[in-house]
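A note on names: the letters A, B, ... follow the listed sequences, proteins ahead of strands, and every chain is numbered from 1. Both backbone and side-chain heavy atoms feed into the values below; hydrogens, waters and symmetry mates do not.
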Amino acid sequence: MIYVTFPDGAQRQFAPGTTGLDVAKSISPSLAKRTVAMALDGVLTDLADPITRDAKIDFVNREDPRALELIRHDCAHVLAEAVQALYPGTQVTIGPVIDNGFYYDFFRAEPFTPEDFAAIEKKMREIIAKDQAFVREVWTRDQAIAHFEKAGEAFKVELVQTIPADQDLKIYKQGDWLDLCRGPHMTSTGKIGSAFKLMKVAGAYWRGDSTKPMLSRIYATAFAKQDELDAYLKQLEEAERRDHRRLAREMDLFHFQEEGPGTVFWHAKGWTLFQTLISYMRRRQQQAGYIEVNTPQVLDRALWETSGHWQTYRENMFITQTEDERVFALKPMNCPGHVQIFKNGLKSYRDLPLKIAEFGTVHRYEPSGALHGIMRVRAFTQDDAHIFCTEEQIMDEAMKINDLIMSIYEDFGFTDIVLKLSTRPEKRVGSDDVWDKAEAALMRVLEKVAEGGVRTGVNPGEGAFYGPKLEYTLRDAIGREWQCGTTQVDFNLPTRFGAFYIAPDSEKTVPVMIHRAMFGSLERFTGILIEHHAGHFPLWLSPQQITICTITQEADEYAMEIIAEARKRGLRIEADLRNEKINYKVREHSLAKIPVLLCIGRKEAADKSVSIRRLGSQAQTSMSLDEALTALAAEAVAPDLKLN
RNA sequence: GCCGAUUUAGCUCAGCUGGUAGAGCACCUCAUUCGUAAUGAGGGGGUCGGGGGUUCGAAUCCCUCAAUCGGCACCA
């Protein structure tokens, strides 16, 4: 006999091989009816699975958060059946659950279009209505290969062939349709419910490999309940409203045009924001002991051959050839430039760590399909720095960078950070003991940071070819994650360029180079800020902080006085003196997301006061001009300059 | 780069199976000087993404290039 333990701690005996369903039935028919799966010792399992050992059992109904994955996975199977029913000859491949939904990749000569969705969804509802049981079978490899070959499912055959020979092949059937699948599934298709929706079609490479065939992917989502689906769709709309490309137009921040794909035309307001970020970062870096430099935009090909970039990234570089046939490249990175500055003049161990920073604009010929607003561009500015130090200093410097990055993100309102360590890739340079040291140093940083309550993780084999790296990912106001900061340890480049310092023993010694960026790309970080705040910037970041809205022309002169006084205090302010109604002006400047509106009419002009209206509120506050400007100027101080 | 979609006025979009371009907002002019999210009237504005082709005739059909969007791949 086996012992089954229930969530309340009660134990009961069953014959070995009793299924979860039998156990549920033994408790009550209604429990059996509403249970869609079980968790055995915490592992989600088919309810029809026999229980063969002592285990804790937990019945999962479809409202259980753990069931969501099953609903989506089951729905993927139903999607595949529906597609094969409607479009004979379509081959199935894989259909996994992903964040917020699932997809299924099909192979078909003619790709799907969103116009097909209505028919597919209808067919899916029919399949769900039939409420066929999911039945699991275990097949041999040969049996599976024979079946899928006969069915013309070449991709499935390939999948079966990649599964280790000693492993069972699980087949899940729903009525006549079946799929190779790891499971688990719910008891029947009817449990999926009706809160699902096909979202979009896309192309995707078979096995994620660009040398393999392009498949037709259908993205979809499913939830336990309709209101959850509705909430999700609403969230997507919200994300669209925050889209930085749309807000940039509405707020007059920047634009793109055809002649410069992937390169930004910064308008005055966007550039003000950009410069505010640079000023902020410059202060933080100076305080942290960095020196700031500037290196050439265009450098001889020979330099890039020495650095190794020419060999690896030639096709992604902007190249230019001059009249004398000399080949130059626009810099795709700042590192080689910084090494030149390090090498210029003899360096001593006493100079280390030497922290060289640059707001370096780099050009990279990114694949056309990669471009995305200002998030992914072909010309961008990095808050780049390289720390030349000894091996012994790596840990300490990486920790200092970490503290600086965390403090900076906090100033921008990002407190949910994930830190990941990427370790040595297969293709790499440098000896293993050097890698050991570098990884150990970064791992200690990771552990220390984890102790402080930050989420951490490891990406094995994801490091750069020259060294391991730490990657900082932040989560924005609507939960999306963005990778920004990075710390990379490099033993390679200083050697390639023959950089050295004089060690205490008078020997020439190659320094370690730590690459480090905190915003990452200024363009990208700006985009993240736009979306994070949905354009409602805090005062210190807002490109235009105040608009004065006059109610009558009698206040024009006073408006000019306010402007002069506010600008003296460093506030970014404009006046709207147009002959328009106050309603019109309030609406227009609210839509432009100006954080502070100062409305002035005859009354305010007479007693030198202002009526303040803040973005997002309809409340009006009246106070004296001096009082108002003092408060606003105090609020507009950058977080690093605030005294408290 | 690959798959798919899209490209019409500054913006958002309409324009059926080919018959010679339209709306709202914005802009300009005039009137209105008004108290916290759209005052009224009038007016101007488009090589229909570029190039080529089919046709008596192309925004509309075909080819091609480009950009953009959604994914995939890429991201030093």
Side-chain angles (χ1 to χ4, degrees), chain A residues 103 105 108 110-115 199-219 240 243 245-246 249-250 252 255-262 304 307-317 331-336 362 364-373 375-378 380 382 384 464-467 469 483 486 488 490 492-493 515 520-521 524 549-556 577-592 597-604 611-622:
Chain A
Y103 65 79
D105 283 347
R108 181 178 175 229
E110 186 160 336
F112 301 101
T113 75
E115 284 80 67
M199 302 299 290
K200 55 195 175 194
V201 288
Y205 295 111
W206 168 235
R207 317 220 99 181
D209 184 338
S210 58
T211 63
K212 297 207 155 80
M214 179 66 66
L215 306 170
S216 186
R217 174 173 298 180
I218 295 179
Y219 280 96
E240 203 174 314
D243 191 302
R245 294 163 296 190
R246 173 180 174 154
R249 197 173 42 240
E250 291 170 7
D252 195 17
H255 85 270
F256 289 92
Q257 62 190 51
E258 236 182 281
E259 294 84 346
W304 305 109
S307 73
H309 291 101
W310 188 271
Q311 295 83 324
T312 321
Y313 291 108
R314 161 70 187 83
E315 67 281 10
N316 294 314
M317 290 167 72
K331 66 173 173 183
M333 298 197 78
N334 304 300
C335 344
V362 294
R364 297 177 183 180
Y365 190 72
E366 301 286 7
S368 55
L371 304 180
H372 178 87
M375 300 297 198
R376 190 83 185 272
V377 284
R378 285 182 175 155
F380 60 100
Q382 298 175 313
D384 207 358
F465 69 91
Y466 49 73
K469 58 184 179 183
Q483 201 239 298
T486 177
Q488 309 178 2
D490 181 1
N492 177 40
L493 216 53
H515 306 242
S521 142
R524 186 176 151 86
C549 299
T550 53
I551 294 166
T552 80
Q553 269 176 1
E554 290 171 64
D556 285 5
L577 305 181
R578 292 176 304 171
N579 176 14
E580 294 290 352
K581 292 196 166 181
I582 188 65
N583 288 312
Y584 183 88
K585 292 187 182 181
V586 165
R587 174 181 155 83
E588 188 161 296
H589 299 293
S590 296
L591 288 174
L597 299 185
L598 298 182
C599 297
I600 56 170
R602 195 177 304 164
K603 185 161 84 66
E604 287 78 8
S611 163
I612 304 176
R613 177 178 169 135
R614 301 293 299 243
L615 183 60
S617 160
Q618 293 176 31
Q620 304 161 36
T621 330
S622 252

Open item on the list: Quiz question: going by heavy-atom distance under 3.5 Å, is there a donor-acceptor pair between the base of B:rG71 and the side chain of A:Y205?
Closed with: no
Open item on the list: Could you tell me how far apart A:E115 (CD) and B:rU6 (C1') are, to the nearest whole angstrom?
Closed with: 12 Å
Open item on the list: Mind checking if A:Y584 touches a base, just sugar-phosphate, or nothing, with heavy atoms under 4.0 Å?
Closed with: sugar-phosphate
- [ ] Could you please name the option among B:rA38, B:rA76, B:rG70 that lies closest to any side-chain atom of A:R587?
- [x] B:rA38
TODO: Map every base of RNA chain B to its dot-bracket character, where paired means a Watson-Crick or G-U wobble contact with both distances under 3.5 Å and | marks a partner outside the strand.
DONE: (((((((..((((.....[..)))).(((((.......))))).....(((((..]....))))))))))))....
- [ ] With C1' as the reference atom in both, quote the distance from B:rU17 to B:rA5 in angstrom, rounded to an integer.
- [x] 23 Å
TODO: Report, as yes or no, whether the 6.0 Å neighbourhood of atom CD on A:E315 holds more than 12 heavy atoms from other residues, nucleotides or ligands.
DONE: yes
Task: Spacing of the C1' atoms in B:rC65 and B:rG10 (rounded, Å) - done: 26 Å
TODO: For A:F465, report the nucleic acid contact type (base, sugar-phosphate, nothing); a contact means any heavy atom under 4.0 Å.
DONE: nothing
TODO: Using a heavy-atom cut-off of under 4.0 Å over every strand shown, decide if A:A464 touches base, sugar-phosphate, or nothing.
DONE: nothing
- [ ] Look at all strands and tell whether A:R217 reaches a base, only sugar-phosphate, or nothing, counting heavy atoms closer than 4.0 Å.
- [x] sugar-phosphate
- [ ] May I ask you to verify whether the side chain of A:Q618 and the base of B:rU36 hold a donor-acceptor pair under 3.5 Å?
- [x] no
- [ ] Measure from the side-chain heavy atoms of A:S611 and tell me the nearest of B:rA67, B:rG1, B:rU36.
- [x] B:rU36
Open item on the list: Taking any heavy-atom pair under 4.0 Å as a contact, classify A:K585: base, sugar-phosphate, or nothing.
Closed with: nothing
- [ ] For A:M199 and B:rG4, give me the distance from atom CE to atom C1', rounded to whole Å.
- [x] 17 Å
TODO: Would you mind telling me which of B:rG35, B:rU33, B:rA76 lies closest to the side-chain atoms of A:T552?
DONE: B:rU33
Open item on the list: What is the separation between atom CG on A:D556 and atom C1' on B:rG35, rounded to the nearest whole Å?
Closed with: 15 Å
TODO: Among B:rC69, B:rC74, B:rA76, find the nucleotide with the atom closest to the side chain of A:R245.
DONE: B:rC69
Task: A:R249, nearest nucleotide to its side chain (from B:rC72, B:rA76, B:rU12) - done: B:rU12
Open item on the list: Categorize A:G208 for me: base, sugar-phosphate, or nothing, with a 4.0 angstrom heavy-atom threshold over every strand shown.
Closed with: sugar-phosphate
Task: Separation of atom CD in A:E258 from atom P in B:rG51, rounded to whole Å - done: 12 Å
- [ ] Select base, sugar-phosphate, or nothing to describe what A:H372 touches, counting heavy atoms under 4.0 Å on all strands.
- [x] sugar-phosphate
Task: Rounded distance in Å between the C1' positions of B:rA73 and B:rG4 - done: 15 Å
- [ ] For A:E604, answer base if it contacts any base atom (sugar-phosphate contacts may also be present), sugar-phosphate if it contacts only those atoms, and nothing otherwise; contact means non-hydrogen atoms under 4.0 Å.
- [x] base
Open item on the list: Using a 4.0 Å heavy-atom cut-off, does A:T312 contact any base of the nucleic acid, only the sugar-phosphate backbone, or nothing at all?
Closed with: nothing
Open item on the list: Check the orientation of A:H309 and A:W304. Use parallel for under 30°, tilted for 30 to 60°, and perpendicular for over 60°.
Closed with: perpendicular
Task: A:K212 charged N/C atom sitting above A:Y205 aromatic ring, 6.0 Å / 45° - done: no
- [ ] Tell me what A:A204 touches on the nucleic acid: a base, only sugar-phosphate, or nothing, going by heavy atoms under 4.0 Å.
- [x] sugar-phosphate
Open item on the list: What is the separation between atom CD1 on A:I600 and atom C1' on B:rU33, rounded to the nearest whole Å?
Closed with: 14 Å
Task: Atom-pair distance (CZ on A:R207; P on B:rC74), nearest Å - done: 15 Å
Task: Sugar-phosphate, base or nothing in reach of A:L591, heavy atoms under 4.0 Å - done: base
Task: Exercise: identify the closest heavy-atom pair between A:L597 and A:C549 - done: CD2-SG, 4.4 Å
Task: Salt-bridge criterion met for A:R602 and A:E554 (N-O under 4.0 Å) - done: yes
- [ ] Check the pair A:E588, A:R578 against side chain to side chain contact (heavy atoms under 4.5 Å, CB included), reporting the backbone distance first and the verdict last.
- [x] CA-CA 12 Å; A:E588 188 161 296; A:R578 292 176 304 171; 2.8 Å; yes
Open item on the list: Does A:Y219 reach a base, just sugar-phosphate, or nothing at all? Heavy atoms under 4.0 Å.
Closed with: sugar-phosphate
- [ ] Please measure how far the P atom in B:rU60 lies from the corresponding atom in B:rG49, and state the result in whole Å.
- [x] 8 Å
Task: RNA chain B: 5'-proximal contact among A:V201 and A:M214 (nearest heavy atom) - done: A:M214
- [ ] For A:T550 and A:I582, work out which heavy atoms get closest and say how close.
- [x] O-CD1, 4.4 Å
Open item on the list: Without decimals, in angstroms, what is the distance between A:E580 CD and B:rC28 P?
Closed with: 10 Å
Task: Sugar-phosphate, base or nothing in reach of A:K581, heavy atoms under 4.0 Å - done: base
Open item on the list: Restricting to non-hydrogen atoms, name the atom on A:C335 and the atom on A:L493 that form the minimum distance, rounded to 0.1 Å.
Closed with: CB-CD2, 3.6 Å
Open item on the list: Quick test of your reading of the model: are A:D209 and A:R207 salt-bridged, counting only N-O distances below 4.0 Å?
Closed with: no
Open item on the list: Say we look at B:rG70 and B:rG57: how far apart would their P atoms be, to the nearest angstrom?
Closed with: 40 Å
Open item on the list: Heavy-atom count check: over 12 atoms from other residues, nucleotides or ligands less than 6.0 Å from A:Q257 CD?
Closed with: yes
Open item on the list: If you assign each of A:E259 and A:Q488 to its closest nucleotide in RNA chain B, which residue comes earlier from the 5' end?
Closed with: A:E259
Open item on the list: Regarding A:P367, tell me which of base, sugar-phosphate or nothing describes its non-hydrogen contacts under 4.0 Å with the strands shown.
Closed with: base
Open item on the list: Can you confirm whether more than 12 heavy atoms, excluding those of A:Q311, are under 6.0 Å from its CD atom?
Closed with: yes
TODO: Select one nucleotide: of B:rC74, B:rA37, B:rU36, the one nearest the side-chain heavy atoms of A:A370.
DONE: B:rC74
TODO: Determine the minimum heavy-atom distance between A:A370 and A:R376, stating which atoms define it.
DONE: O-CG, 3.2 Å
- [ ] Please state the C1' separation for the pair B:rC27 and B:rC3 - nearest whole angstrom.
- [x] 41 Å
Open item on the list: Is there a side-chain contact between A:N583 and the phosphate of B:rU36, meaning an N or O under 4.0 Å from OP1 or OP2?
Closed with: no
Open item on the list: Can you identify which nucleotide, out of B:rG70, B:rU36, B:rA76, has its nearest atom closest to the A:P332 side chain?
Closed with: B:rA76
Task: Among B:rA76, B:rC74, B:rU36, the nucleotide that comes nearest once only the side chain of A:C599 is considered - done: B:rU36
- [ ] Mark yes or no for a side-chain to base donor-acceptor pair under 3.5 Å between A:R602 and B:rC34, with no hydrogen or angle criteria applied.
- [x] no
Task: Nucleotide nearest A:R364 when distance is taken to its side chain, options B:rA76, B:rG1, B:rG70 - done: B:rA76
Open item on the list: Roughly how many Å apart are B:rC69 and B:rC30, using the P atom of each and rounding to a whole number?
Closed with: 41 Å
Task: Separation of B:rG10 P from A:D252 CG (nearest whole Å) - done: 16 Å
Open item on the list: Heavy atoms from C-beta onward define the side chain here; which of B:rG35, B:rU36, B:rA76 lies closest to that of A:N316?
Closed with: B:rA76
